[in-house]
Amino acid sequence: MAGPLRGGRLSTGGGGGTVGAGGPLRSFFSYRIFVSAMFTLLFLVTLSVLFTTNPSTNHHDSVLPSTGPPVQAYVHRTFLALKSDPLRTRVDLIRKQANDHIALVNAYAAYARRLKLDNSKQLRVFEDLARNFSDLLTRPTYRAALLEPVGAIEENVLRQFEKEVKDKVKIARQLIGEAKDSFDNQLKIQKLKDTIFAVNEQLTKAKKQGAFSSLIAAKSIPKSLHCLAMRLVEERIAHPEKYKDVGPKPEFEDPSLYHYAIFSDNVIAASVVVNSVVKNAEEPWKHVFHVVTDKMNLAAMQVWFTMRPVEGGAHVEVKAVEDYKFLNSSYVPVLKQLESANLQRFYFENRAENATKDTNNMKFRNPKYLSMLNHLRFYLPEMYPNLHRILFLDDDVVVQKDLTGLWKIDMDGKVNGAVETCFGSFHRYAQYMNFSHPLIRERFNPKACAWAYGMNFFDLDAWRREKCTEEYHYWQSLNENRTLWKLGTLPPGLITFYSTTKPLDKSWHVLGLGYNPSISIDEIKRAAVIHYNGNMKPWLDIAMNQYRPFWSKYVDYEMEFVQGCNFGL
């Protein structure tokens with residue numbers, strides 16, 4: 001009985017234990033299931049209400065009378081999000097794609113405008129494409145059916161809209177693909193052109209400044225030359241008895257000799273011209289040099305040629321411009337014009353704008369072009385009345401051969417023997433004179449060939465016969481206001497000897513050693529006379545080194561004052 005009884009207790013105890021322990025647990029889980037079911041039911045009811053309520057109806061407004069428009073808009077967006085209309089999302093994506101391509105097309109159109117090259121056609125295409133995109137988005141049919149925030153979307157309209165947008169997107173991408181490389185290259189080209197333009201502006205400015213600086217360097221007196229002139233004057237003052245004027249020699253007026261006219265205020269330059277002629281002359285004792293300078297340099301010039309007599313028995317006459325009394329303002333137009341206040345103001349007034357205006361013609365503003373030393377060449381027959389022929393030499397020339405052959409040339413009745421300088425369209429009369437002036441246009445041919453001053457053989461008898469000095473006076477007086485030509489002696493020379501010039505062989509006179517670095521050495525060596533015309537004179541530091549030896553070999557470096565002034569160092 002014990003077994004069953006134990007078993008019965010155990011069963012009863014077990015059953016009682018199950019009932020006693022499991023009852024409350026089942027109650028707890030039953031409560032949670034109930035609560036979950038209630039919340040689920042409430043959620044489903046809420047969803048049903050949301051999906052069945054129209055947010056724009058009057059009923060919605062009455063349900064939420066105090067929410068106001070912001071709350072309505074928020075609820076409206078919530079409805080759209082909850083509804084997740086795939087057609088509406090599709091419309092938004094298509095619209096965004098269209099707007100993105102409008103922006104891209106407008107960007108490339110802006111590039112086309114910026115480049116300003118050959119993109120006018122592309123610019124129109126891009127602008128038309130952007131306009132088509134915009135018209136498509138604002139078309140009333142699509143706007144009412146697809147792009148308004150309310151109303152049902154018609155799928156057939158949506159498909160048509162999508163097709164048109166995709167067609168235009170395809171065209172836009174094709175155009176952009178074709179234009180991209182071109183635009184990138186053109187942009188680089190445009191930037192390069194802008195850079196080149198800026199560099200050219202700087203180069204032009206630098207050239208102007210360089211030309212002005214070069215002009216200053218060319219017209220300034222080097223310290224060594226100033227020193228030499230001062231030492232020579234000092235010698236004259238210290239020993240006046242050595243340098244008395246002995247008066248004219250008969251050789252100075254002997255027409256059977258070879259006469260040269262050298263007008264200069266540069267002692268060393270004049271000495272080089274004389275030395276180079278004499279050293280290359282076969283009969284130097286037959287050569288006579290008429291050196292004319294200004295009053296300031298007369299003493300220095302006289303002392304030089306007294307201390308350093310010319311070799312070979314050649315004769316040198318040194319005089320000042322002031323010694324020729326007929327050269328006064330009542331007779332000479334240039335001297336009369338120098339008395340004009342307007343001319344003095346133009347050439348001598350120190351104004352800031354004169355330093356930069358018309359830099360290419362700055363040299364014509366130099367007052368030296370009004371100096372009588374430059375215009376003496378028009379008075380040779382009156383200066384040397386007993387002579388029949390004379391050779392005029394500038395002080396920046398070097399003679400390399402015997403020049404007596406010039407006196408053997410048949411001048412054919414012409415006054416001036418000179419080497420012509422024209423080639424192609426260069427160095428024609430049109431470059432030196434104002435052919436818009438009626439007087440110039442009527443009297444001269446603009447294509448007539450110009451010739452060089454610097455080595456000119458003049459037949460003084462023909463000069464007197466043709467009255468060339470009177471012709472020069474006529475034109476020089478007309479040009480007081482500088483309307484016929486700018487300053488200088490070449491234009492009035494071209495006018496004065498317009499039909500009375502005989503061309504000489506070019507080997508007699510080679511020019512350009514003062515500005516042209518490309519003259520061949522062989523051409524220079526073959527020339528009878530070489531001319532350092534230009535700013536780079538051989539006695540200046542700015543001279544071209546390859547040409548300097550042809551000049552410096554005739555410098556008298558043994559002269560004590562030249563050594564004392566460190567000339568050439």
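This is a predicted model, so every value here is computed, not measured. Sequential numbering from 1 along the given sequence is applied to the chain's residues.
- Of all heavy-atom pairs spanning Arg308 and Met559, the tightest one is CD-CG, 3.5 Å.
- Rounding to the nearest 0.5 Å places NZ of Lys193 at 12.5 Å from CG of Asn200.
- Asn416 and Tyr453 are not linked by any side-chain donor-acceptor pair at a separation below 3.5 angstrom, with hydrogens and angles left out of the test.
- Here Glu382 does not pair with Arg377 in a salt bridge; the nearest charged N to carboxylate O distance is not below 4.0 Å.
- Nearest heavy-atom pair across Ser276 and Val273 is OG-O, 2.9 Å.
- Contact annotation: the side chain of Trp475 never approaches that of Asn479 to less than 4.5 Å [non-hydrogen atoms, C-beta and beyond].
- Between the side chains of Asp505 and Ser507, a donor-acceptor pair is found at a separation under 3.5 Å.
- Counting non-hydrogen atoms of other residues, nucleotides and ligands closer than 6.0 Å to NZ of Lys336 gives a total of 12 or fewer.
- If you check the side chains of His287 and His315, you find no donor sitting under 3.5 Å from an acceptor.
- Counting only N and O atoms by type, the side chains of Trp463 and Thr469 include a donor and acceptor under 3.5 Å apart.
- In terms of heavy-atom proximity, Met383 sits nearest to Val292 at CE-CG2, 4.1 Å.
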Check your understanding: Hey, mind stepping through His473 and Tyr331 against side-chain hydrogen bond (donor to acceptor under 3.5 Å, both in side chains) and telling me if it holds?
Key -> CA-CA 9 Å; His473 283 175; Tyr331 178 65; 4.6 Å; no
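- Residues Leu327 and Leu376 are in side-chain contact: their nearest non-hydrogen atoms beyond the backbone lie under 4.5 Å apart.
- The main-chain N or O of Ala269 is never found under 3.5 Å from a side-chain atom of Asp396 such that the two would form a donor-acceptor pair.
- Formation of a donor-acceptor pair under 3.5 Å by the His437 side chain with backbone atoms of Leu439 is found in this model.
- Although no hydrogens or angles enter the test, the distance criterion places a donor-acceptor pair under 3.5 Å between the side chain of Gln563 and the main chain of Tyr557.
- Ring pair Phe444/Tyr498: centre-to-centre distance below 6.0 Å.
- Residues Val397 and Met455 fail the side-chain proximity criterion, which asks for heavy atoms closer than 4.5 Å.
- What you find for Tyr432 and Ala450 is that their closest heavy atoms are CE1-CB, 3.7 Å.
- Side-chain atoms of Asn434 never come within 3.5 Å of backbone atoms of Ile440 as a donor-acceptor pair (strictly under, hydrogens ignored).
- Note that CZ of Arg428 and SG of Cys422 are 4.0 Å apart. Values are rounded to the nearest 0.5 Å.
- No more than 12 heavy atoms of other residues, nucleotides or ligands shown are found within 6.0 angstrom of CZ on Phe197.
- Outside the 6.0 Å centre-distance limit, the rings of Phe550 and Tyr547 are not counted as a close aromatic pair.
- Contact annotation: the side chain of Trp508 approaches that of Leu406 to within less than 4.5 Å [non-hydrogen atoms, C-beta and beyond].
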Check your understanding: Does the pair Thr483 and Asn481 meet the rule for a side-chain hydrogen bond (donor to acceptor under 3.5 Å, both in side chains), with working shown?
Key -> CA-CA 6 Å; Thr483 57; Asn481 56 2; 3.0 Å; yes
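- Nearest heavy atoms, Asn280 versus Gln400: OD1-O, 3.0 Å.
- The minimum heavy-atom distance linking Ser224 with Cys565 is given by the pair CB-O, 3.5 Å.
- In terms of modelled atom types and a separation under 3.5 Å, the side chain of Glu317 and the main chain of Phe252 share no donor-acceptor contact.
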Review point. Under the salt bridge (Lys or Arg N to Asp or Glu O under 4.0 Å) criterion, do Glu470 and Arg465 qualify, and how do the steps go?
Key: CA-CA 11 Å; Glu470 289 82 346; Arg465 184 179 64 250; over 6 Å; no
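- Few gaps surround CD on Glu322; more than 12 heavy atoms of other groups in view lie less than 6.0 Å from it.
- In this structure, the ring of Tyr258 has its center less than 6.0 angstrom from the ring center of Trp407.
- Ring centroids of Tyr379 and Tyr324 are separated by 6.0 Å or more, keeping the two rings apart.
- Contact annotation: the side chain of Val288 never approaches that of Val316 to less than 4.5 Å [non-hydrogen atoms, C-beta and beyond].
- Here the CG-CG distance, from Asp395 to Asp265, works out to 7.0 Å after rounding to the nearest 0.5 Å.
- Checked against the 6.0 Å centroid threshold, His290 and Phe263 do not count as a close aromatic pair.
- A distance of 12.5 Å separates CE in Met536 from CG in Asp541, rounded to the nearest 0.5 Å.
- A salt bridge links Asp461 with Arg464: the closest approach of a Lys/Arg side-chain nitrogen to an acidic carboxylate oxygen falls below 4.0 angstrom.
- The number of heavy-atom neighbours closer than 6.0 Å to CE of Met296, taken from other residues, nucleotides and ligands shown, is 12 or below.
- By the 4.0 Å N-to-carboxylate-O rule, Lys286 lies close enough to Glu283 to be salt-bridged with it.
- Counting non-hydrogen atoms of neighbouring residues, nucleotides and ligands closer than 6.0 angstrom, the CZ atom of Phe426 reaches no more than 12 such neighbours.
- No side-chain donor-acceptor contact under 3.5 Å links Asp459 and His388.
- The structure places CG of Asn266 at 9.0 Å from OG1 of Thr293, a figure rounded to the nearest 0.5 Å.
- The environment of Ile542 atom CD1 is dense: over 12 non-hydrogen atoms of other residues, nucleotides or ligands sit within 6.0 angstrom.
- One finds the NE2 atom of His509 at 10.0 Å from the CG atom of Leu504 (value rounded to the nearest 0.5 Å).
- A donor atom on one side chain and an acceptor atom on the other are not found under 3.5 Å apart for Asp522 and Ser520.
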